[in-house]
2 protein chains.
Amino acid sequence: MSLQRSCAVCAVRASALCCTLPKEQLSRLNRITYQRRYDAGQFIMGTGQQQDWVATVLSGVVKLTKTMADGRQQIVGLLFAADFLGRPFASGSPYEAEAATAVELCCLERQSFEDLMLHHPDMRQLFLERTLNEVDAAREWMLLLGRKTAEEKVASLLLLMAQRVRSATADGSAPSPGLHCELPLSRTEMAEYLGLRVETVSRQIGRLRDAGVIDTENGRAIIVRDIGRLARTAAKEEG
Amino acid sequence: MSLQRSCAVCAVRASALCCTLPKEQLSRLNRITYQRRYDAGQFIMGTGQQQDWVATVLSGVVKLTKTMADGRQQIVGLLFAADFLGRPFASGSPYEAEAATAVELCCLERQSFEDLMLHHPDMRQLFLERTLNEVDAAREWMLLLGRKTAEEKVASLLLLMAQRVRSATADGSAPSPGLHCELPLSRTEMAEYLGLRVETVSRQIGRLRDAGVIDTENGRAIIVRDIGRLARTAAKEEG
DNA sequence: CGGCGTATTGACCACCCTCAACTGACGTGG
DNA sequence: CCACGTCAGTTGAGGGTGGTCAATACGCCG
């Protein structure tokens with residue numbers, strides 16, 4: 001469960017919260033952090049129970065979900081590499097975290113993290129700004145959930161994923177024939193994120209494929225053929 | 001538009017962000033803040049444009065909205081007395097703020113606010129914690145928007161309002177016959193908050209009234225007759 | 001009284017949900 | 001090697017919730 005690697009060669013060192021720490025601090029950071037791996041589908045942290053550690057996502061995708069008593073579930077956020085996971089300044093998390101794909105985390109005790117923030121203004125500042133961005137993202141998604149049609153919802157999600165993947169794989173190789181994109185979510189998870197049912201997601205993806213906007217490969221991959229049309233479908237203006 | 005009052009007698013002094021400032025700072029704070037009043041329906045701040053000030057809500061209710069190109073609108077947050085309005089560390093706000101009722105704000109320049117946070121760790125900390133709470137609240141609302149039925153949505157909102165009002169008016173007088181609650185939102189605004197249409201909100205309120213859970217008075221007031229049943233209606237478990 | 005804006009009510013129907021069957025990929029075991 | 005089970009995804013038929021459009025009621029104010 002727990003392995004060791006050096007902060008100096010960390011893949012997300014440049015963009016995670018700890019990018020604000022000076023090099024001299026890295027060896028100390030290395031000592032107080034530890035890594036964890038999860039398989040797709042595994043539970044990471046939950047509501048209710050005491051939660052005494054936080055983490056940075058090293059690789060993979062984490063989904064944050066909220067569940068009602070009768071089982072209805074809503075994904076309320078996705079975390080990618082370099083994103084922060086956990087709820088400082090509270091004893092528990094108000095939602096559950098689960099591995100959507102295989103996930104590597106770089107963990108540390110919540111108390112250590114709070115101490116780090118106390119002594120490193122830059123890091124505290126970055127954390128604050130990222131939290132503000134999370135508020136913005138959550139509210140953007142509220143607009144999607146409350147006002148968009150199924151077609152717009154699906155297009156919006158695919159667009160988001162395509163952008164996420166494009167920025168992640170900064171290869172620059174063969175960009176023209178279509179943007180290839182391996183979705184980190186199953187149809188069921190897409191539905192849970194969009195406030196839809198699986199069948200509706202499947203049908204809308206089918207429609208986008210028939211319209212030539214995207215192609216689907218076996219499994220979870222899609223190829224964006226016409227990103228402009230995808231973007232227009234994501235917020236159709238009455239036409 | 002701009003009037004002066006002393007921080008020392010401020011109504012939200014005990015709960016706003018500035019409650020973390022020592023008394024010695026109040027006269028200085030008094031000098032750099034100014035007040036503004038808005039009538040119900042007035043625009044406060046918007047997307048796109050440069051936004052160089054932030055504020056604390058002194059009284060009234062502010063709604064934060066997002067609008068799509070074709071006019072579809074979603075309320076993404078409500079601010080009550082002592083809540084903070086504005087988006088520090090960014091040049092503009094990603095959503096519009098509008099007065100839902102008559103509103104009084106205590107404003108200061110964004111730069112001054114950022115400076116204050118820089119020099120007052122307690123205030124910075126409180127701001128961070130409140131921002132984290134905003135994330136939680138937004139995600140809670142995502143669950144409502146994505147998964148709840150119209151009946152549950154309306155009940156959830158009425159419950160929220162009843163609790164807000166109960167805590168605000170800590171009178172303790174005549175609690176038994178029914179919790180009186182003056183809604184700060186029109187039916188249209190309730191619909192915009194819940195991801196519904198006005199007609200649906202109106203019908204669901206009618207059903208709750210017929211069921212004896214609430215009573216309605218002329219205008220926007222409601223009386224909660226059975227808060228337990230209202231809470232159960234807000235998250236029905238398959239019954 | 002008439003005009004205006006908000007709330008309510010009614011009739012209709014479309015979008016999405018529900019339930020069900022089917023397909024294809026994958027793994028296991030005979 | 002194929003039969004079989006499983007699981008994710010797809011497709012189809014039908015129904016219900018909530019949207020749409022229109023008329024009416026109500027409160028407010030000149």
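Computed from a predicted model, the values in this text were never measured in an experiment. In the text below, chain A, chain B and the rest are named by the order of the sequence lines, each starting its count at 1.
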Using atom [atom1] of [X] as one end and atom [atom2] of [N] as the other, report the distance to the nearest whole Å.
| X | N | atom1 | atom2 | result |
| --- | --- | --- | --- | --- |
| B:K148 | D:dT17 | NZ | C1' | 18 Å |
| B:D70 | D:dT20 | CG | P | 11 Å |
| A:R72 | D:dT17 | CZ | C1' | 13 Å |
| A:M190 | D:dT10 | CE | C1' | 14 Å |
| B:K153 | D:dG19 | NZ | C1' | 12 Å |
| A:R197 | D:dG16 | CZ | P | 17 Å |

Please set out all donor-acceptor pairs under 3.5 angstrom arising from side-chain atoms of residues 60-67 of chain A, sequence neighbours excluded.
unit_1	atom_1	unit_2	atom_2	d
A:K63	NZ	A:E189	OE2	2.8
A:K66	NZ	A:P94	O	3.1
A:K66	NZ	B:E140	OE1	3.1
A:T67	OG1	A:Q73	NE2	3.2

Subject >> Distance, nearest 0.5 Å, that separates CZ of A:R232 from CG of A:D226 >> reply: 6.0 Å
Subject >> Side chain of A:R220 (C-beta onward), nearest among D:dT20, D:dT11, D:dG9 >> reply: D:dG9
Subject >> Toward the 5' end of DNA chain C, by each residue's nearest nucleotide, A:E199 or B:V201 >> reply: B:V201
Subject >> Salt bridge flag under 4.0 Å for residues B:R72 and A:E152 >> reply: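 Answer for the salt bridge query: yes.
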Original post:
With sugar-phosphate meaning primed atoms plus P, OP1 and OP2, does A:L196 contact a base, only sugar-phosphate, or nothing at under 4.0 Å between heavy atoms?
Top reply: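 Sugar-phosphate, no base atom in range.
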**OP:** Using a heavy-atom cut-off of under 4.0 Å over every strand shown, decide if B:G41 touches base, sugar-phosphate, or nothing.
**Re:**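 The answer is nothing, as B:G41 stays clear of every strand by at least 4.0 Å.
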**OP:** Please confirm whether A:R139 makes a cation-pi placement over B:Y95, using NZ or CZ under 6.0 Å from the six-membered ring centre and within 45° of the ring normal.
**Re:** yes
Original post:
Taking for each residue the nucleotide of DNA chain D bearing the nearest heavy atom, is the 5' side occupied by B:Q204 or by A:R209?
Top reply: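 With B:Q204 and A:R209 compared, the 5'-side residue is A:R209.
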Subject >> Distance-only polar pair, side chains of A:R209 and A:T216, donor-acceptor under 3.5 Å >> reply: yes
Original post:
Do A:E104 and A:S59 have side-chain N/O donor and acceptor atoms under 3.5 Å apart?
Top reply: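 Note: A:E104 and A:S59 side chains meet the donor-acceptor criterion.
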Can you tell me if [X] touches the phosphate of [N], counting only side-chain N or O atoms and a distance under 4.0 Å to OP1 or OP2?
| X | N | value |
| --- | --- | --- |
| B:R203 | D:dG18 | no |
| A:R187 | D:dT10 | yes |
| A:S202 | D:dT10 | yes |

Original post:
How would you give the extent of chain B contacts on DNA chain C, as first and last nucleotide 5' to 3' within a 4.0 Å heavy-atom cut-off?
Top reply: C:dA7 to C:dA11
Subject >> For A:I214, the option from A:L208, A:T233, A:V154 that meets side-chain contact (heavy atoms from CB on, under 4.5 Å) >> reply: A:L208
